[in-house]
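A quick write-up on the structure given underneath.
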Amino acid sequence: TARVSTSGGNGGTGLPHSGGPGTGWSDPDPDSNESTAVAQLTPSADLRVTKTNRLSTLAAGEAVTYWMEVVNTGPSDAGPFDILDPLPTGFRLTAARCVAPGGSCGAERRDGSRIEWTGATLRSGSAHSLQLVVEGILDAGVAGEIVNTVSVLVPNGAGWTDPDLSSNIATDRDPVRQVADLAITKLASSSSVIAGTTTSFQMDVSNLGPSRATNVLVTDAIPAGLENAVWTCQALSGGRCQVDAGTGGIDARVDLEAGGRVRFVLQARIPAGLEATSISNTASVEPPAATEPPLEAATRRQHDHEQVR
């Protein structure tokens, strides 16, 4: 505020001016002799966010954790602001948490497609940050890549500004692999069989995960000397038989969710005149030769041995 005083002499200038008694002049509008300038104070804070799952590739069906951190490089304290994390397709949220040394996480809200924190605050300086963790599970059949982006937003009318919005977005991007742990177990109807009778073998084929496995090949050649072989395939939890039954040796494909299982039963007649003293039988399960995306799985074999009487 600046003021023009009307008191005192003419300072030797010879010019009359308003001032008090004996000056010889007056100011008709003394209210205009004072002026005030007001400067608006707008806080400014540069927020920066980072995001990572600490992985270079993901496996469909596995658990994934994302870590995010928001820092304020100043110069002012920041707030309120919002943190928005849309969930990528194929990612199922299981847990989320936020800790705020030097600030406040605000109110958490979540639904099936995103999680957000609104009304957050953060003091300026490297000693303060918001630390957020989001946990979830990838769908067993997800493919391609998972892209997860978090944004820090300054609401309209927040009363402060962020001078560099380019640092308010962070993205984690990872390719997804299909990985399945295939297994097969084999059980004979008896450890000792009699020539001239029928014997059977039961095989359970399973996928221990974490990814879905489709078009998996199951094979079981008929042991030498056996005849009239028939087989069936039964879908158990999470499994599907592409063919339900057949004759001769097993050469069939199945589809298995993570944790899925199918059961094969192979029956064959032992000729009365079979000269062999034992029957050996081996079954195997293996991933398809080529899939898109490729399925990472090892071939598994199971062997069974019966004595012939």
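Of the N and O atoms on the side chains of Asp244 and Gln234, not one donor lies less than 3.5 Å from an acceptor on the other residue. A donor and an acceptor atom, one from each side chain of Asn207 and Glu257, are nowhere located under 3.5 Å apart.
Counting only distance, with no hydrogens or angles, the side chain of Ser76 and the backbone of Ser44 share a donor-acceptor pair below 3.5 Å. Here the side chain of Thr171 pairs no donor or acceptor atom with the backbone of Asn148 at under 3.5 angstrom. Using modelled atom types, no side-chain atom of Asp82 and backbone atom of Val154 make a donor-acceptor pair closer than 3.5 Å. Judged by distance alone, the side chain of Ser167 and the main-chain N or O of Arg48 form no donor-acceptor pair under 3.5 Å. No side-chain donor-acceptor contact under 3.5 Å links Ser200 to the backbone of Gln267. Side chain of Asp220 to backbone of Asp251: no donor-acceptor contact under 3.5 angstrom is found. Listed for the Ser129 side chain is no donor-acceptor partner under 3.5 Å among the backbone atoms of Ser126.
Residues passing the side chain to side chain donor-acceptor pair (under 3.5 Å) test with Thr52: none are found, sequence neighbours excluded. The side chain to side chain donor-acceptor pair (under 3.5 Å) test applied to Asp172 returns Asn53, not counting sequence neighbours. Checked against side chain to side chain donor-acceptor pair (under 3.5 Å), Asn72 has no partners two or more places apart in sequence or in another chain. Checked against side chain to side chain donor-acceptor pair (under 3.5 Å), Ser56 has no partners two or more places apart in sequence or in another chain.
Among residues at least two apart or in separate chains, there is no ring pair (Phe, Tyr, Trp, His ring centres under 6.0 Å) pair with a member in residues 94-152. Applying the ring pair (Phe, Tyr, Trp, His ring centres under 6.0 Å) test to residues at least two apart or on different chains, the pairs with a partner in residues 242-274 are Trp231-Phe264.
Of the candidates Lys51, Arg110, Arg114, Asp85 forms a salt bridge (Lys or Arg N to Asp or Glu O under 4.0 Å) with just one, namely Lys51.
Looking at Thr57 and Asp174, their side chains never come closer than 4.5 Å, going by heavy atoms from C-beta outward. With contacts defined as side-chain heavy-atom distances shorter than 4.5 Å, the pair Ile270/Ile194 does not qualify.
Scanning both residues, Leu93 and Ala95, for their nearest heavy atoms gives CD1-O, 3.4 Å.
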